[in-house]
Structure formats: C-alpha cells, structure tokens
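Okay, structure first, notes after.
In what follows, chains carry the letters A, B, and so on, assigned in the order in which the sequence lines appear, proteins first and then strands, with residues in each chain numbered from 1. None of these values were measured; they are calculated from a predicted model.
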There are 2 protein chains.
Amino acid sequence: MVSINDVAARANVSISTVSRVINQNANVSREKEEAVLRAVDELDYIPNGLAQGLVTKKSKSIGVLIADVANLYYSYLVKSIEKELRTAGYYAVIGNTEWEAKREKEYIRHLIQRQVDGFILASTSLSEKYINQLAEKDIPIVVLDREIKSDKIDIIRINDYKGGYQAAEHLIECGYEYFIHLKGPGFTVTAADRSRGFKDCMQEHLINGQNYVMLSSSFVEEESAKKMASFLEKNNYKNKKIGIFAANDASAFGVLKELKRRRIKVPEEAGVVGFDNVNFAEYSSPALTTINRSIADVGKLSAEILLENLNKDENDVVKAQNKNLDVELIIRESTAQVN
Amino acid sequence: MVSINDVAARANVSISTVSRVINQNANVSREKEEAVLRAVDELDYIPNGLAQGLVTKKSKSIGVLIADVANLYYSYLVKSIEKELRTAGYYAVIGNTEWEAKREKEYIRHLIQRQVDGFILASTSLSEKYINQLAEKDIPIVVLDREIKSDKIDIIRINDYKGGYQAAEHLIECGYEYFIHLKGPGFTVTAADRSRGFKDCMQEHLINGQNYVMLSSSFVEEESAKKMASFLEKNNYKNKKIGIFAANDASAFGVLKELKRRRIKVPEEAGVVGFDNVNFAEYSSPALTTINRSIADVGKLSAEILLENLNKDENDVVKAQNKNLDVELIIRESTAQVN
DNA sequence: CTGTTAGCGCATTCAT
DNA sequence: ATGAATGCGCTAACAG
C-alpha cells in the first residue's frame with residue numbers, strides 16, 4: 001500500500017507538503033503542488049482514512065441503526081438518509097438490528113469503536129438509559145420514532161396517535177361492524193400511540209352492538225399473519241364485516257395474505273388499514289389503504305439535523321430539536337363503503 | 001474519550017498489558033487481568049478501532065456495493081450478507097450506488113480509504129478494467145451478477161439465460177398470442193442473458209402469426225411503467241392476448257401498475273412474468289409469476305467465499321471460484337392458461 | 001509474565 | 001512557502 005511517504009519521495013517534497021495539497025487548505029507553491037499531484041496520480045495514492053481519523057478525531061461517517069433493511073420502511077429511510085449525508089461528505093454505516101436490543105448494543109459499540117461522528121437511531125429496542133449514556137459521550141444523536149427525555153438528543157417523530165385514530169375512524173365510516181387491531185411491539189412508543197389512537201376513537205364512536213378487540217402482534221409480516229389466523233380460527237365472524245387496523249404496512253400485508261388464504265373477500269367482508277405507506281402499498285393485492293408518513297422527509301430531516309450538530313462549534317449551544325411530523329390517510333382498495 | 005493510557009493508569013499496569021487482555025491472546029496473570037477488566041468496565045473503555053486498524057492493517061469491515069437499497073432484491077441481499085459477515089466478526093459497509101458508475105467509483109475510493117478488508121460488488125456499472133485494477137491491489141473481491149475475466153476475482157452468477165428462456169416458454173404455453181419483453185439495462189450481463197434466453201425461446205417456438213418485440217427498459221419500476229405506457233399507446237393489441245416478460249420484479253410491478261391503470265385484465269388479457277422472486281412478489285396485485293433465484297443463498301455464499309479469502313495465509317493459493325446458481329419458474333396469478 | 005520502545009500513516013505545530 | 005518534529009491510540013517485537 002502506497003503511503004504519504006512514497007508520494008513525498010517521488011515528488012521530492014516533505015510529507016507535510018503532500019498533506020497540505022491533499023487537504024487543500026495551506027499555501028503551497030504552484031510547482032510543488034503540481035509535482036505532488038502528479039505523484040499522487042502516478043502512484044494511485046489514496047490517503048489512509050484510519051490514520052487521518054486518528055489525528056483529526058473525525059471519521060466522516062455516521063452510524064445508522066435500523067431494525068430491518070428488508071423492511072420497506074427502513075430501506076427507504078436509509079436511502080434518503082444516505083443521500084443527504086453523502087452530499088455533505090459523510091458516509092452512512094448501517095447497522096441492521098433485527099429488532100433486538102442486544103444487537104443494537106453490539107452495533108453501537110462497534111460504531112463507537114469505528115469512531116463514527118454521530119448516530120441516527122431508528123431502531124427502537126434500546127433502553128432510554130442506555131441512549132442517554134451514549135449522549136453523555138458527546139456524540140451527536142438523532143433519534144427517530146421514540147420519546148427520550150434529554151436536552152442533548154434530537155427527536156423526530158410522527159403523529160402516531162392521529163394515524164391510529166384516523167385508521168379507526170375510517171374503518172367505522174366504511175361501515176364495518178366488528179373491529180380488530182393488531183398491535184405493534186409493546187416496547188415501542190409508536191405502536192403504543194397508534195393503539196391509543198385506535199382505542200380512543202373506538203370508545204368515542206361505537207354504538208349498539210359494535211365491538212372491537214386489540215391483539216398483541218408485531219411489525220413483522222409473518223407474525224401478523226399467524227396472529228390473524230389463530231384469531232379467525234377461534235372466533236367466527238363470518239356474519240359480520242370486520243375492519244382491521246394493522247400496526248404497520250408489513251403487518252397489513254401479512255393480514256391480507258391470511259385473509260386471502262381463507263377466501264375472505266377484501267374489502268367486502270373485511271377491510272384492512274396499514275401504517276407507513278410503504279412504496280409497495282399501492283401494488284399489494286388489493287392495494288392497501290394506509291396512513292402516510294413521508295419517509296423521505298423523515299430521512300432527510302434527520303440527516304440535516306445531525307449535520308447541523310456536527311458542524312457547530314464547541315461553544316455553540318444548539319438546542320435539541322423535537323419535531324413531530326404529520327400523517328394522512330390514504331384510501332385505496334383494501335377498504336370500501338360496505339353498508 | 002478514554003484511551004488505553006487511562007485504563008493502564010487506573011489499573012496500575014502498562015499499556016501493553018491492557019492491550020494483551022483486550023486482545024485475549026497473550027498470557028497475563030489472573031490479578032492483573034482482573035484489574036484491567038475492572039478499569040475497562042469502570043471507565044467504559046472502548047478501544048479506538050482506527051488506531052487498531054492502523055497498526056494491524058485490518059479493519060474488520062467489508063465494503064458492499066449495491067445499486068439500490070430500496071429495491072427488494074438488494075435489500076434482502078444485503079440482509080443476508082450482513083448476517084453472515086457478522087457471525088464471523090466482520091461488518092458490512094454498504095454503498096448505495098443508484099446504478100451510477102460514478103457513484104460506484106466514489107464509494108470504492110472511500111471504502112479503500114476506510115481500509116475495508118474486502119469487497120462484495122453487487123453493483124454492475126463498473127468497467128471490467130476498473131475492477132481488475134482493484135483486484136491488483138490484492139483486496140479480496142467477490143463479484144455478483146457479472147462476468148469478469150480474472151483469476152483473482154470470485155464470481156457468483158445465476159442462470160439468467162435459463163430464466164429468460166423459461167419465462168418465454170411459460171408465456172407461450174399459457175396461450176398468449178403476442179409477446180413483449182422489457183429489457184433490463186444494456187450494460188448488464190444479467191439483463192443481456194435474460195433477453196437472450198427469451199429471444200432464443202421465441203425463435204424456436206413461434207408459429208403462424210405469433211410475434212414478439214423487445215423493448216429496452218430498466219430495472220426500475222417507474223421506467224418500466226412508462227415504457228409500457230408509451231408502447232400501449234402507439235400500438236393496439238386489444239384484440240390479442242399479450243404475454244409480458246419484465247427483466248426483474250420491480251419492472252414487473254411497474255408493468256402491472258400500468259396495466260391496471262388501463263384496465264387491462266391480468267392474467268386474462270395480459271400475462272406478466274418477473275424475475276428475482278422478491279419477497280413481495282406473492283403480495284402483488286395479482287401475485288406475480290416470476291423466476292426464483294434464492295437471494296439468501298447468494299448473499300450467504302458471497303460472504304462465505306469472501307471470508308475464505310480473508311482467512312487464508314499469504315502463500316495459500318485459493319483458486320478463484322466461479323459459481324452459477326440455478327433458477328426456477330414460480331407460477332402465481334399474473335399468468336394463466338388463456339386458450 | 002510484564003514493561004519499554006518503535007512505528008503504523010497522517011495532520012499539525014513550530015521553526016525557518 | 002516548506003521541512004522537521006511531535007503525537008494521535010494502539011499492537012508487536014524486544015528485553016528482562
């Protein structure tokens with residue numbers, strides 16, 4: 001591997017001069033600069049980032065923790081984050097945690113070891129205490145989809161409660177008679193808020209004989225399919241039209257799959273609402289009615305806020321931000337007026 | 001940031017002793033070891049990976065280049081690669097190239113700078129010459145979905161030709177009368193092979209009046225939707241049942257979308273076959289008939305081969321591998337017998 | 001078993 | 001404008 005010494009030797013200058021032209025900041029005479037550039041080119045020299053980082057204390061990389069790359073919400077989120085970071089000269093190092101707190105910790109440890117300059121945490125299992133410890137190390141952190149009490153941590157959330165409420169309201173308005181909500185993982189504020197929204201709406205609107213049930217499930221497709229299956233096996237609602245609110249789109253796809261397997265017609269016999277408005281929602285069979293959150297905006301915003309923190313001076317006190325983005329109902333084919 | 005010196009001071013030992021217990025290889029007395037471990041714990045010490053990498057010349061990270069994280073084929077591929085690497089103590093650094101050669105080069109440069117120990121290249125625009133230059137630097141490389149002439153580079157491919165052939169055959173057997181193939185990007189061997197398979201099959205089987213056309217398109221959903229739209233606008237095949245082979249699933253989804261928009265019934269009036277058998281293929285509307293490649297296997301295999309190269313001794317000569325994985329037709333709802 | 005030392009590749013003073 | 005020297009945090013001889 002060719003080092004700065006090789007370049008210096010070839011260009012007949014000192015390594016400091018080479019360093020100067022590489023980093024373009026200090027004054028270097030025209031001729032020496034050209035000599036260095038030529039040497040760099042001829043030797044195909046690429047500076048060793050580890051050595052650079054060791055002295056500058058900056059790695060120009062950001063740790064991004066997500067729960068599942070293969071989940072469309074996260075993969076799209078990563079894409080928008082990565083895009084934004086790149087234009088600022090930073091690189092995203094992605095950690096796929098599979099919803100496990102243990103993995104998250106391993107990754108954080110590894111990323112700290114790798115000296116990332118900041119974190120975007122879109123993975124939700126970590127304890128608040130742990131995240132706060134992280135913040136104490138003075139590494140800028142942006143947290144997505146969580147509630148954290150800290151004035152060092154920036155938080156971006158969406159209005160999950162409203163989304164849950166709207167989903168329920170829509171299902172009621174469609175005329176479904178019995179309602180099921182597949183709850184997301186309990187350790188998650190987002191899931192909790194969506195459920196709360198759903199429940200509140202149900203309590204306010206239900207009349208004569210209408211009823212609802214909330215089943216604990218997850219954000220993963222297969223698990224929701226199973227939950228749905230076991231519920232339908234035990235209970236017979238063939239006579240009633242059921243409205244189902246899944247905690248996210250992946251879960252809704254699982255529901256759709258199970259309904260199809262049982263030849264329960266959507267939206268005639270059962271209506272399904274998801275959450276996220278993942279790219280694929282419009283392609284599912286039938287196209288999914290869902291709550292839209294603009295994923296690209298969330299990704300862009302989180303990267304922007306992080307970069308802001310990265311670029312601030314030591315003594316600049318930038319107050320931690322706490323954003324709350326809006327959501328909206330998108331009606332497609334998995335629900336319809338049924339009365 | 002706490003360093004090895006702080007730990008050494010606190011534990012009343014030299015930094016070498018600290019280093020020894022951190023790396024668990026050399027002999028350290030029971031008591032000193034405990035003292036170090038306690039200090040590490042109390043100070044919450046995490047070694048600086050940049051410094052470690054600088055001296056060991058290993059970063060324990062692998063550069064993984066993909067064309068689009070938000071594409072289900074790639075996101076699932078990344079997931080399986082990451083899983084395999086992690087169990088071996090390596091971490092994946094993902095580069096999202098958006099199908100642009102320029103971006104690929106930028107990423108490779110950056111990853112070399114970051115001293116990655118190896119590459120998995122699943123991004124396809126790079127010139128063969130460039131990849132070979134990379135290999136000359138003696139960095140282990142595994143290339144996916146490409147043909148490269150080199151005895152240093154491991155290659156994993158699938159039988160794209162067979163897939164294309166089978167897709168065409170199936171469409172013909174279903175009884176469709178006019179055939180359209182939306183070709184993938186031309187700079188891609190995979191797309192070329194799929195097209196060749198399609199074409200060969202057509203040539204062999206077509207009789208009296210049947211006909212086919214190959215349109216250049218891409219692997220991206222929107223573009224294929226547009227191609228499909230402009231073709232349908234110019235040509236009127238209302239009277240004929242058309243069989244469509246899209247170069248990959250994403251493209252097929254785009255086709256499905258356009259067909260739906262025009263109220264062309266699938267599979268009655270038009271049949272659609274994709275390629276990849278992405279997770280969502282079974283959820284699309286209608287569920288997609290496609291060519292299955294087992295993505296998880298490809299990911300796992302590529303990581304395994306790379307790790308093999310990473311772990312070999314200097315003088316071990318491991319011959320570059322050249323794997324070719326099989327594919328199979330999966331029939332779902334987007335095609336059916338129509339005669 | 002343990003401490004001292006050199007050096008990895010580089011940015012950054014400090015002289016000149 | 002430029003070179004010599006220092007040190008970032010760590011591992012790996014080396015000596016004891």
Listed nucleotide nearest any side-chain atom of [X], set [options]:
{"X": "A/Arg20", "options": "D/dA1, D/dG3, D/dC10", "result": "D/dG3"}
{"X": "B/Lys32", "options": "C/dT2, D/dC10, D/dG3", "result": "C/dT2"}
{"X": "A/Pro47", "options": "C/dC10, D/dC10, D/dA12", "result": "C/dC10"}
{"X": "B/Ser14", "options": "D/dT2, C/dG3, D/dC8", "result": "C/dG3"}
{"X": "A/Ser19", "options": "C/dC10, D/dG9, C/dA11", "result": "C/dA11"}
{"X": "B/Gln52", "options": "C/dG9, D/dC10, D/dT2", "result": "D/dC10"}
{"X": "A/Lys57", "options": "C/dC10, D/dG9, D/dA1", "result": "D/dG9"}

Any [X] side-chain N or O less than 4.0 Å from OP1/OP2 of [N]:
{"X": "A/Thr17", "N": "D/dG3", "result": "yes"}
{"X": "A/Ser29", "N": "D/dT2", "result": "yes"}
{"X": "A/Asn27", "N": "D/dT2", "result": "no"}

If I take atom [atom1] in residue [X] and atom [atom2] in nucleotide [N], what distance separates them, rounded to the nearest angstrom?
{"X": "A/Leu50", "N": "C/dC8", "atom1": "CG", "atom2": "P", "result": "15 Å"}
{"X": "B/Gln113", "N": "C/dC10", "atom1": "CD", "atom2": "C1'", "result": "11 Å"}
{"X": "B/Gln115", "N": "D/dC10", "atom1": "CD", "atom2": "P", "result": "18 Å"}
{"X": "A/Leu54", "N": "C/dG9", "atom1": "CG", "atom2": "P", "result": "12 Å"}
{"X": "A/Lys58", "N": "D/dC8", "atom1": "NZ", "atom2": "P", "result": "16 Å"}
{"X": "A/Ile112", "N": "D/dG9", "atom1": "CD1", "atom2": "C1'", "result": "16 Å"}
{"X": "A/Asn48", "N": "D/dC8", "atom1": "CG", "atom2": "P", "result": "18 Å"}
{"X": "A/Asn5", "N": "C/dG7", "atom1": "CG", "atom2": "P", "result": "12 Å"}

For B/Ile15 and B/Val55, find the nucleotide of DNA chain C closest to each by heavy atoms; which residue's nucleotide sits nearer the 5' end?
B/Ile15
I need the minimum non-hydrogen distance between B/Val7 and B/Tyr45, along with the two atoms involved.
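Taking every non-hydrogen atom into account, CG2-CG, 3.5 Å.
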Any chance the side chains of B/Tyr76 and B/Asn71 put a donor and an acceptor closer than 3.5 Å?
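No, no side-chain donor-acceptor pair sits under 3.5 Å.
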Quick one about A/Asn322 and A/Asp154 (side-chain donor to acceptor, distance below 3.5 Å, no hydrogens or angles considered), yes or no?
no
Heavy-atom count around A/Lys152 NZ within 6.0 Å, excluding the residue itself: above 12?
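More than 12 heavy atoms, drawn from other residues, nucleotides or ligands, come within 6.0 Å of this atom.
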Check whether the ring centres of A/Tyr107 and B/Tyr91 lie less than 6.0 Å apart, and answer yes or no.
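Close enough - the centres of the two rings lie under 6.0 Å apart.
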Taking any heavy-atom pair under 4.0 Å as a contact, classify A/Ser16: base, sugar-phosphate, or nothing.
base
